[in-house]
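In what follows, a structure is listed as structure tokens, so that the remarks can point back to it.
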Amino acid sequence: MAVDLPSHHFSRRNPPFHSTPPYDLAVYLKTTNQGFQKQPVTFWGLRDRNCGRIVSERHVRGFSSSNFDWRNLIVNENVNADDSMQDAENRNSEKWNNMRLNMNADAKAPPNFVQNRGNINSRSWNNMRQNLNAPPNFMGNRENINSRSQNNLGQNVDANADALPDFMQDKENINIGSKNDAETGWNSRPMDFVRGIIDEDNFMKGSPFHQYQYEQDADFVHIKMLRNNTFVTVTDSQGNIKLSGSAGPLKDLKSGQKLSRYAAEATAEVVGRKARGLGLKSVVMKVNGFTHFRRKRNAIMSWKEGFTAGSRGDRNPIVYIEDTTRKPHNGCRLPKKRRI
Amino acid sequence: MNSVARRLSRLFRHSGFTPEPFNNGHHQMQKLQQCRGIRVKVIGGNLEAALGLMQRKMQSSGIERMIKQEQRFHIKNSEKRVLAQKNLERKIRSEDLARKLKAIMIKKVRGL
């Protein structure tokens with residue numbers, strides 16, 4: 001058949017004067033024929049039908065030269081139309097091939113199924129990029145939109161499918177930032193509150209124990225003030241004597257009544273100086289004497305000065321001051337008045 | 001009953017004005033009996049403030065007045081009677097003198 005066609009064309013076109021254009025068209029037809037041969041048998045059969053029609057027309061209209069040329073042109077146009085049809089069929093065949101491959105993949109084992117899904121996603125990404133390069137394809141754009149929605153749903157359910165990728169990323173960043181801020185804010189305040197509580201607990205726990213201990217283990221300093229003499233005694237909380245002193249041993253208070261009024265101060269200071277080495281932490285001053293308060297005040301201050309002398313900045317150990325002066329209610333008979 | 005009341009009061013309120021025995025667990029009687037005297041707590045080591053407070057307490061309690069009126073020797077009842085009469089006469093004399101001085105001052109002020 002292929003041999004017959006060029007022979008027919010050659011023989012018919014050689015007698016007429018128009019030899020060059022028909023020759024080119026014949027070459028074109030040869031190439032097209034070869035392409036058709038490669039196609040399946042069904043397409044070859046269709047081609048035979050077309051060839052039959054064309055041949056019949058040529059034989060009928062072969063009488064006049066002008067009519068012959070026009071018919072040739074029409075035949076060429078029909079051939080072009082057939083070419084477009086074949087292209088469409090090719091596209092369909094491609095789709096069928098893709099579908100077949102997908103089905104085969106689905107039929108196979110699970111790992112292949114997973115791989116195939118990954119491939120599908122990769123395809124969608126590739127399509128997106130390609131379509132970006134080639135905007136006019138409407139179908140491709142639709143596919144991209146679907147793929148975007150699927151990807152978005154998989155990654156973030158809260159996100160909108162129609163949003164742009166950059167906008168999506170911005171939203172994600174915003175969410176992450178807000179989470180970080182919330183965590184930092186939530187963490188800092190409770191810690192400050194907790195530290196405050198800890199500090200308060202430490203402060204509260206420290207002072208009462210401290211004070212209670214001192215009160216429990218307080219030592220006593222008894223000052224007994226008589227008219228012309230003074231006794232100072234240091235004892236522990238149970239009454240055991242640690243140290244004692246009086247105005248008698250003092251050398252400078254041996255003459256006259258003018259010096260006896262200072263006996264209390266002097267004695268208290270001496271005993272305080274001695275008591276420095278006993279390691280007293282807290283002291284309760286107990287003053288006993290039927291005298292004016294001025295003298296008692298001086299005695300207490302002298303004891304403190306004697307205790308803290310020599311060491312500047314030392315803490316005052318006195319925690320309580322107590323006056324235990326007592327007078328009986330119509331007690332024993334007083335002594336007889338002295339005759340002068 | 002008084003001791004019980006003191007214990008209850010001690011439980012509910014621990015005031016610094018009422019002197020109470022220190023926490024000496026070895027003397028049971030000292031716990032039951034209330035201490036006598038005036039006690040002041042030295043707050044923050046400020047001894048002068050504590051002494052000032054103590055002086056005010058002693059004056060208000062009347063111990064200072066007792067100290068001024070101290071009696072060191074025994075006096076017979078007859079002697080007390082005589083001393084009382086002398087004091088009375090001294091008092092009347094001082095009142096008359098005061099009245100005279102007052103009249104003189106008024107007369108001088110009026111210019112009579």
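So you know, we letter chains A, B, ... as the sequences are listed, proteins then strands, and number each from 1.
A donor atom on one side chain and an acceptor atom on the other are not found under 3.5 Å apart for A/Arg295 and A/Asn298.
Geometrically, A/Lys336 does not engage B/Phe73 in a cation-pi contact, judged by NZ or CZ lying under 6.0 Å from the ring centre and within 45° of the ring axis.
Identified under the salt bridge (Lys or Arg N to Asp or Glu O under 4.0 Å) test for residues 266-280 of chain A, with sequence neighbours left out: A/Glu269-A/Arg273.
Considering only heavy-atom pairs separated by less than 4.5 Å from chain B, the leading option among A/Arg333, A/Arg294, A/Lys304 is A/Arg333. Chosen from A/Thr325, A/Val287, A/Thr291, the residue pairing most often with chain B at heavy-atom distances under 4.5 Å is A/Thr291. Ranked by heavy-atom pairs under 4.5 Å with chain A, the first of B/Asn46, B/Ile43, B/Leu47 is B/Leu47.
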>> Walk me through whether A/Asp236 and A/Lys242 qualify under salt bridge (Lys or Arg N to Asp or Glu O under 4.0 Å).
In response: CA-CA 7 Å; A/Asp236 61 0; A/Lys242 290 183 176 180; 6.0 Å; no
>> Please determine whether salt bridge (Lys or Arg N to Asp or Glu O under 4.0 Å) holds for the pair B/Asp96 and B/Arg99, giving the CA-CA distance in whole Å, both sets of side-chain angles, and the decisive distance to 0.1 Å.
In response: CA-CA 5 Å; B/Asp96 289 338; B/Arg99 196 176 305 107; 3.0 Å; yes
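Both the backbone and the side chain of B/Gln71 come within contact range of chain A, each with at least one heavy atom under 4.5 Å from a heavy atom of that chain. Using a 4.5 Å cut-off between heavy atoms, A/Lys337 contacts chain B through both its backbone and its side chain. Contacts between B/Gln55 and chain A at a heavy-atom distance below 4.5 Å involve backbone atoms as well as side-chain atoms.
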